[in-house]
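Step one of this worksheet: look at the structure below.
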Amino acid sequence: MLYEGVLRKMKTEMGDPIQYFLVFENDFINFNQALNKNLTIEFIKFQCLNCGKDRPIYRQGFCKSCFFETPMAGEWIMKPELSTAHLDQEDRDLVFEKQMQLQPHIVYLANSSNVKVGVTRKAQVPTRWIDQGAHEAIEIVEVPNRYLAGITEVALKAHVSDKTSWQKMLKNDLEDVDLVAWRDKLKAHIPEETLDYFIASNSETQLKFPVLQYPEKVQSLNLGKTPSYTGVLKGIKGQYLIFEDNTVFNIRGHEGFYVGITIR
């Protein structure tokens, strides 16, 4: 069956295992139902997620001009500590920034390859953890805006990583850790401004991914260099499709690519 459209990060539903959906304008794919089937992915053109034009994608699904103009790619997205909406200060679009920044945010610990600290909007729990391929996660601070979450993350990443090894995550090369113990240990390093928001008594969330076979060594598919690929789908983890021949395909890393996908 042939599906066609512009790639955006997969939608997910919590379950045992997690359900994955690739949503196009007029159709969608449930990749869980495509496990053990042949997939062909063909790059057709670019389609910027902001202007919709066929221009090379620069970052985050946007062409270069849109990346530096759209409020959806402001620096505060990657660096929450740079948020300024709580001060009524605009970066690119104050209305959009207030909508996104002035809502409850979570600082969390997740284990996808090792313990890492991260920030997400409360409304994005557990989606954010799923997207990172974390098999367990725990909330440690809930604050009313993005700035407070950002300064908390900055303080904590002096004591714990804020990065995921995506290769280890995909190979399921996991470290056995106690996130509750990590949460309690890191409490001493939480800034005074956010210490009252510390979450003292919650448990870990466990996540199970639909993977039949993990890659022994990771070979990343880049549609810009290899515009057509066929393989047997063996799993989905994070925002990656995992194939039988150790090829992995990062859907999120190809946002803005207009593709055709055939499932047989």
Under 3.5 Å side-chain donor-acceptor pair for Ser113 and Thr164: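 No, no side-chain donor-acceptor pair sits under 3.5 Å.
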
Gln47 vs Asp54 side-chain heavy atoms within contact, under 4.5 Å: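 No - every pair of side-chain heavy atoms lies 4.5 Å or more apart.
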
side-chain contact (heavy atoms from CB on, under 4.5 Å) between Tyr258 and Phe43, worked out: CA-CA 6 Å; Tyr258 191 99; Phe43 170 52; 5.8 Å; no

Quick check on the hydrophobic clustering: are [X] and [Y] connected, directly or via other members, by side-chain heavy-atom contacts under 4.5 Å?
X      : Y      : answer
Leu102 : Ile106 : no
Leu212 : Leu39  : yes
Leu7   : Tyr229 : yes
Leu195 : Val143 : yes

Donor-acceptor contact below 3.5 Å, side chain His254 vs main chain Leu223: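 Present.
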
Under 3.5 Å: donor-acceptor pair, side chain of Gln103, backbone of Met100: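 Judged by distance alone, yes, a pair lies under 3.5 Å.
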
Side chain to side chain donor-acceptor pair (under 3.5 Å) between Gln219 and Asn246, worked out: CA-CA 6 Å; Gln219 299 174 350; Asn246 293 323; 5.8 Å; no

Tell me whether [X] is salt-bridged to [Y], with the criterion being a basic N under 4.0 Å from an acidic carboxylate O.
X      : Y      : answer
Glu175 : Lys168 : yes
Glu142 : Lys122 : yes
Lys208 : Asp16  : yes

Trp166 ring center near Tyr240 ring center (under 6.0 Å):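 Yes, the ring centres sit under 6.0 Å apart.
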
Close aromatic pair by centroid cut-off 6.0 Å: Tyr3 and Phe28: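 Between Phe28 and Tyr3, which both carry aromatic rings, the centre distance is not below 6.0 Å.
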
Residue among Arg121, Lys9, Met14, Lys11 satisfying side-chain contact (heavy atoms from CB on, under 4.5 Å) with Thr127: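 Between Thr127 and the candidates, side-chain contact (heavy atoms from CB on, under 4.5 Å) is satisfied uniquely by Lys9.
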
Residue of the set His105, Gln101, His86, Glu81 for which side chain to side chain donor-acceptor pair (under 3.5 Å) holds with Arg146: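 Of all the options given, the one that passes is His105.
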
Intermediate values then yes/no, side-chain contact (heavy atoms from CB on, under 4.5 Å), Lys237 and Asn172: CA-CA 10 Å; Lys237 190 176 186 188; Asn172 210 37; 3.1 Å; yes

